[in-house]
Amino acid sequence: MGTPLIELTNVIKNFGPVDVLKGVNFTVEEGKVTALVGDNGAGKSTLIKGLSGVQPFDGGKVMFRGEEVNVRSPRQASAMGIEVVYQDLALCENLDIVQNMFLGREEKFGGTLDEAAMEFAAQKALQSLSVRTVKSVRQKVSSLSGGQRQTVAIARSVLRNAKMVILDEPTAALGVAQTEQVLNLVRRLADNGIAVLIISHNLADVFEVADNVSVLYLGQMVAHLKVKNTNRDEVVAYITGSKSMTGVA
Amino acid sequence: MSAPTPISTGHEGTVRDQFRSYIQRVRGGDMGSLPAILALVVLAALFASLSPYFLTTGNIANLFVQASELTVLACALVFVLLLAEIDLSAGVTAGSGMAVFQVLFGVLGWNWIVALLLALAAGAVIGAVIGFFVSRIGVPSFVVTLGLFLGLQGFMLLLLGDGGIYRLEQPELKAIMNSNMPVWAGWAMLAIAVFGSFGLGLSDRMRRTKVGLPTRPFIMLIFKVAAIAILGGLVVLLLSVNRGQALLAIEGVPIVIPIVLIILVVGTFVLDRTVFGRYIYAVGGNPEAARRAGIKVAQIRLYAFIICSTLAVVSGLLHASRIGSIESTAGRTIVLEGVAAAVVGGVSLFGGRGRLAYAAVGALVISIIDNGLGLIGLPAGANFLITGGVLVAAATIDALSRRRSGVSIMRT
Ligand SMILES: Nc1ncnc2c1ncn2[C@@H]1O[C@H](COP(=O)(O)OP(=O)(O)O)[C@@H](O)[C@H]1O
Ligand SMILES: [Mg+2]
């Protein structure tokens, strides 16, 4: 096995007197879907905010492709190739898919917007993910369903040459069919070589799409499991704290 | 696995397919200024049947000149309405700019061009003040500009004196609203518009082809250019006929028309084809998403208010030119008509949706009501009532179409 894309060692984060991450070890590999699970308040959001530079960690070591890095800002994370798809997606409904995918990174041609180049690149990006559910790349986001919006938000990170895509509860607001679409998309991201980190409360989703699952319990990583070697009950036991270290009953 | 068919770009298919998808967009609540255009046709037909004078060339020229002032003000307001903000002080900003002009030119005797540029700069400063309070401090624009609405009235009274009215003597400035271009210049203007839009359409098509994207049927570009040529040609033709009653010939396109067209074209170019324009729509649609995309939201807001106030001074100049004087009480009520024009034309009060052309159509609707009711001799009270009613109707359409697109989200 090669070096993981991201490797956290003994990562710490506290808010004043409250220790939220108490020495977390964690890895995310390229081409794999890693699920991060844990009860409310376990520190999942804090962990991804640290990775994405929104709230930098207070201590510990972060290795990116074998080199130590210090992620201090979202801009820096984005430059490294770490993209986050937030739960609220952050799309402009009055703009179309192309405009949203390139928002803040517009391509220009002679000082003006190069609509043709952006349209072409957006089309290619959606195609590379085998997206078939959207009718036109020039559809306004206001006319899209929740799953289609999620698709656009995910495809946007692909356009930005993401090496790692972090998804915070991507299926929480979706129905059955749309959840299926988004999970397929998540799978294809990993198949294209991207390291995918997905936070989910839904273990059915986790078992359907993930390769690895890591369990956070009260600010500590209590298990790293291969999905094919574990089962639902075991993961639930770790989440609830009734089981404490990998291999220990 | 076979290669998936590319996702459509909206440019594929025949003219019929294009038409069908347009109808679908309209049904989805994206009506643009369609209601306003229909209103324009209905009103024109109504007034033409009620007053024999309505469709005379003299009145048509008059109508365009009257509408131009309002068009520029409504265009100014579009820049802030797109951000879901408002500028209630735009009218008195227009008046204040002209008051500054009067002091510099009339009292201090400065060169009129310098005085005019400084009047525009005064507008920009007012816009910057509004923008500062709105974007940096976070005071609602409604409140800031309501405060300025009062404050600037005081500013004008202080500059020009109670009841101060000054003649605008500079011939170049009086000519804007009161003189016409030579007939040939009107046709030249039309030729530039026709060839310009054809050239732009062609270059867009070439760019798409080069990148490897489909283009709409070529005939659609021809239709569009032909529509500009025919409609524009009709207007230029009407305005080229001698509309003078006496010995002196009055003919040609009023000088203000190319000025308004340039503002429309340049402004539309900025909104449609520059990064700044894109960011205005983005901030108006979802400020938080814009911020996360790395857009400097406060800066965009600041610039939008500066553009609005500066353009407002241009409309103030047109007003002063038309009535031939600069007054200490100018601009108190026109801002409401400006907002009405924009909203009637299809600019959303909720931000993120609208174009300068919509504001122009809306300004024509408001002006036609004003003009037509005047001709058939209804009292001024009726005019206010009807214009107010039209504004509420337009705002209702705006709210409903917004709700419709919201409903379609929930349905899918
Ligand atoms: N900005 C903050 N200030 C203080 N406490 C915080 C802050 N953010 C998170 N926390 C605390 O950290 C803990 C973990 O939160 P979070 O990472 O959001 O958990 P999860 O996403 O797993 O539900 C919670 O107890 C929460 O109250
Ligand atoms: Mg959370």
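A note on names: the letters A, B, ... follow the listed sequences, proteins ahead of strands, and every chain is numbered from 1.
For D272(B), the part sitting under 4.5 Å from any heavy atom of chain A is the backbone (N, CA, C, O) and nothing else. For R292(B), the part lying near chain A is the side chain, with the backbone staying farther off; criterion is any non-hydrogen pair under 4.5 Å. Contact annotation for Y279(B): only side-chain heavy atoms (C-beta onward) come within less than 4.5 Å of a heavy atom of chain A.
Between chain A and the residues G294(B), P287(B), G285(B), the largest count of heavy-atom pairs under 4.5 Å involves G285(B). Counting heavy-atom pairs under 4.5 Å between each of T9(B), V275(B), V283(B) and chain A puts T9(B) at the top. Note on H11(B), R273(B), R278(B), E288(B): by heavy-atom pairs under 4.5 Å with chain A, the leading option is R278(B). By number of non-hydrogen pairs under 4.5 angstrom with chain B, the leading residue of A116(A), G111(A), G175(A), G147(A) is A116(A).
Partner of L356(B) under the side chain to side chain contact (heavy atoms under 4.5 Å, CB included) criterion, chosen from T268(B), V347(B), V265(B), I263(B): T268(B).
Counted by atom type alone, S21(B) and R138(A) present zero donor-acceptor pairs between their side chains at under 3.5 Å. With hydrogens and angles left out, the side-chain atoms of R301(B) and S141(B) include no donor and acceptor closer than 3.5 Å. Between the side chains of Y303(B) and Q299(B), at least one donor N or O sits under 3.5 Å from an acceptor N or O.
The neighbour count for E67(A) CD, taken as heavy atoms of other residues, nucleotides or ligands under 6.0 Å away, does not exceed 12.
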